[in-house]
There are 2 protein chains.
Amino acid sequence: MTATRPLRADAERNRQRIVEAAKTLFAERGVDVAVEDIAAAAGVGIGTFYRRFPDRESLVEAVFVTKFERMIQAAHDALEIEDPWDAFRTWVVTVARMHARDRGLKDVVLSSDRGREKVAEFRAIIQPLAGELLDRAKAAGALRDDVSALDVPMIHQAVSAIAEITRDVAPEYYERTLTLFVDGLARERTPTPMVAPPIEMEQFLTIMSRKGKR
Amino acid sequence: MTATRPLRADAERNRQRIVEAAKTLFAERGVDVAVEDIAAAAGVGIGTFYRRFPDRESLVEAVFVTKFERMIQAAHDALEIEDPWDAFRTWVVTVARMHARDRGLKDVVLSSDRGREKVAEFRAIIQPLAGELLDRAKAAGALRDDVSALDVPMIHQAVSAIAEITRDVAPEYYERTLTLFVDGLARERTPTPMVAPPIEMEQFLTIMSRKGKR
DNA sequence: GAGGAAGTGGAAGGTCTATCTCCGGTTATC
DNA sequence: GATAACCGGAGATAGACCTTCCACTTCCTC
């Protein structure tokens, strides 16, 4: 195969920088940031970017493989929790927070092109874990029966959408939406306390009149 | 003021057609559809469009004023319902469904430019109505106390986001997300039955691999 | 039913925004 | 200090989209 010789020191350094810059920018502004911006943030030229990565998509893949691993880890961790509802809740909340903090995650999970195989691979691994968390919580009578495993990623998309529009103005706001969701998933329960304050009218107006779409 | 003489018959006909076509396209594809597509759908040329409307935004405004009126009407109607929780729930659900069926609604409510004044006007009218629905439901002990009036439009944004990605594949799916939300808003309650079936794996994959963003 | 005001279509101009290529100049490494 | 590897960024390329303009057509009035 391609017995690639190691990159020259400066080249390797720049590669790292590009990945780091991309991680940050993807999280803040979604996977659609311009290559130009990524290169600038990394302190290199566009040319350097294209010498290291065949195209934009490869970079996206390189960045998100790590994230996928972390999501899988979250499921494993949750499975360690004894109380079935607590385990399920923890997992849902943890992944929701990852989405809330990384705007790009949603884009990648939703896309067909970007890291097609990687996403499929990820799904194959996460599904049985998610299934177990779900089944256990249902068996314990804590989770409503009519919830399907596929409702969970949808919830994450919804939370991500809210985080996306509120991020700049009230970065913790999404927690409220998340709380409502999680309480809606419970079978019988009094409300969980909200962990974030309500939004102020002024913040609301700012959110609702955001310019452009980035 | 401008005592505008009535349009010539054919011109008026075309104007109507443009508005109708826009209504449909905005609902299906969001407010960002190209003027070219609207004109084509209306069976007129681009030139005709620009003779009737000074620019794109004016059309958007013309189309959504009606929608706003309908949302206000929904609040009035809900206030007629005696049971405070039922009234609140009905209002939230009705507006959520409007969002689910009209992709453009979200865009307009979120935007700063499009019909700036109209949106502000709309908010001024809807706020007291929403406040009353909320307060009554809280006073009756049916709605959790820690919900703020501004959480409601956020819920609508979330439902709209879900409807947006699922619309083409499973047009009723959003009802599940909505049910979870509404149940999460209740103070103490066992789950409301879901009105839509869970999503199938195949549908899920289609949704998650949607091309482009339209 | 004729004349002219009003209306029409769509090519073309103008802007943007992005990705990716190319190559003269620079730097690390042996 | 030779040279292969690397760098930066202008510019080629592509695709959307909004809006203008004007030669041509249609409606309405007298």
Side-chain angles (χ1 to χ4, degrees), chain A residues 2-22 25-26 28-63 104 107 111-115 211-214, chain B residues 2-22 25-26 28-63 104 107 111-115 211-214:
Chain A
T2 44
T4 49
R5 76 161 65 175
L7 291 174
R8 217 171 75 177
D10 53 346
E12 178 56 32
R13 201 164 44 238
N14 282 337
R15 208 198 103 97
Q16 299 285 5
R17 280 174 168 206
I18 290 170
V19 172
E20 285 310 310
L25 287 184
F26 286 163
E28 287 173 1
R29 295 164 47 188
V31 284
D32 286 336
V33 278
V35 170
E36 194 181 340
D37 291 356
I38 296 170
V44 304
I46 298 175
T48 303
F49 175 89
Y50 281 100
R51 172 166 297 272
R52 282 306 135 243
F53 299 90
D55 55 29
R56 234 185 145 283
E57 297 307 320
S58 313
L59 173 64
V60 174
E61 201 173 304
V63 167
D107 299 341
S111 161
S112 56
D113 323 311
R114 306 191 229 268
K211 294 276 178 200
K213 310 203 171 162
R214 289 266 190 94
Chain B
T2 46
T4 49
R5 74 161 67 177
L7 291 174
R8 220 170 72 177
D10 54 345
E12 179 57 30
R13 202 162 46 235
N14 282 337
R15 207 197 105 97
Q16 300 283 6
R17 279 175 166 205
I18 290 170
V19 172
E20 285 310 310
L25 287 185
F26 287 162
E28 286 173 2
R29 295 164 46 187
V31 285
D32 286 336
V33 279
V35 170
E36 194 180 341
D37 291 355
I38 297 169
V44 304
I46 298 174
T48 302
F49 175 89
Y50 280 99
R51 172 163 296 272
R52 280 309 135 242
F53 299 90
D55 54 29
R56 233 186 145 279
E57 297 307 319
S58 312
L59 173 63
V60 174
E61 200 174 304
V63 167
D107 299 341
S111 160
S112 57
D113 323 311
R114 305 191 228 269
K211 294 274 177 204
K213 312 206 168 158
R214 289 263 193 92

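The chains referred to below are lettered A, B, ... by the order of the sequence lines, with proteins before strands, and numbering in each begins at 1.
Of all heavy-atom pairs between B:Asp55 and B:Tyr50, the closest is CA-CE2, 4.0 Å. Across all non-hydrogen atoms, the minimal contact from B:Ile46 to B:Val35 is CG2-CG1, 4.4 Å. Across B:Phe53 and B:Ala62, no two heavy atoms sit closer than the pair CE2-CB, 4.3 Å. Smallest separation of non-hydrogen atoms from A:Ala41 and A:Leu25: CB-CD1, 3.9 Å.
Close to C:dG7, at under 4.0 Å from its OP1 or OP2, lies a side-chain N or O of B:Arg52. For the pair A:Thr48 and D:dC6, the criterion of a side-chain N or O lying under 4.0 Å from OP1 or OP2 is not met.
Ranking C:dT19, C:dC23, C:dG9 by closeness to the A:Arg51 side chain, first place goes to C:dC23. You'll find that the side chain of B:Val44 is closest to C:dG9, out of C:dG9, C:dC23, D:dC18.
In this structure, B:Glu36 atom CD and D:dC18 atom C1' are separated by 10 Å, rounded to whole Å. Atom P of nucleotide D:dT20 and atom CZ of B:Phe53 are separated by 15 Å, given to the nearest angstrom. Protein atom CG of A:Asp55 is 11 Å distant from nucleotide atom P of C:dT19, rounded to whole Å. Between B:Ile38 atom CD1 and C:dG9 atom P there is a gap of 15 Å when expressed in whole angstrom units. One can place CG of B:Asp37 at 11 Å from P of D:dA16, the figure rounded to the nearest angstrom. Between the P atom of C:dT17 and the CZ atom of A:Arg56 lies a distance of 16 Å, rounded to the nearest Å.
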Please tabulate the protein-to-nucleotide N/O contacts below 3.5 Å involving nucleotides 11-14 of chain C, giving atom names and distances.
none

What's touching nucleotides 28-30 of chain D from the protein side, N or O pairs under 3.5 Å?
unit_1 : atom_1 : unit_2 : atom_2 : d
D:dC28 : OP1    : B:Ala9 : N      : 3.1

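In terms of position along DNA chain D, the nucleotide closest to A:Phe49 lies nearer the 5' end than the nucleotide closest to the other residue of the pair A:Phe49 and B:Glu57.
Distance alone, capped at 3.5 Å, places no donor-acceptor pair between the A:Asp107 side chain and the A:Gly30 backbone. When atom types are taken as modelled, the side chain of A:Asp10 and the backbone of A:Arg13 share no donor-acceptor pair closer than 3.5 angstrom. Judged purely by atom type and a 3.5 angstrom limit, B:Arg52 has no side-chain atom pairing as donor or acceptor with the backbone of B:Arg15. Checked by atom type and distance alone, the side chain of B:Arg56 pairs as donor or acceptor with a backbone atom of B:Val33 at under 3.5 Å.
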Inset, instruction - Apply the test side-chain contact (heavy atoms from CB on, under 4.5 Å) to residues B:Phe26 and B:Leu59: give CA-CA distance (whole Å), side-chain angles for both, the deciding distance (0.1 Å), then the verdict. - result: CA-CA 11 Å; B:Phe26 287 162; B:Leu59 173 63; 4.3 Å; yes
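Taking a 6.0 Å sphere around CD of A:Glu36, one finds it holds 12 or fewer heavy atoms contributed by other residues, nucleotides or ligands.
Less than 4.0 Å separates DNA chain C from no heavy atom of any residue of residues 13-22 of chain A.
For the residue pair B:Gln16 and B:Glu20, no side-chain donor N or O sits within less than 3.5 Å of a side-chain acceptor on the partner.
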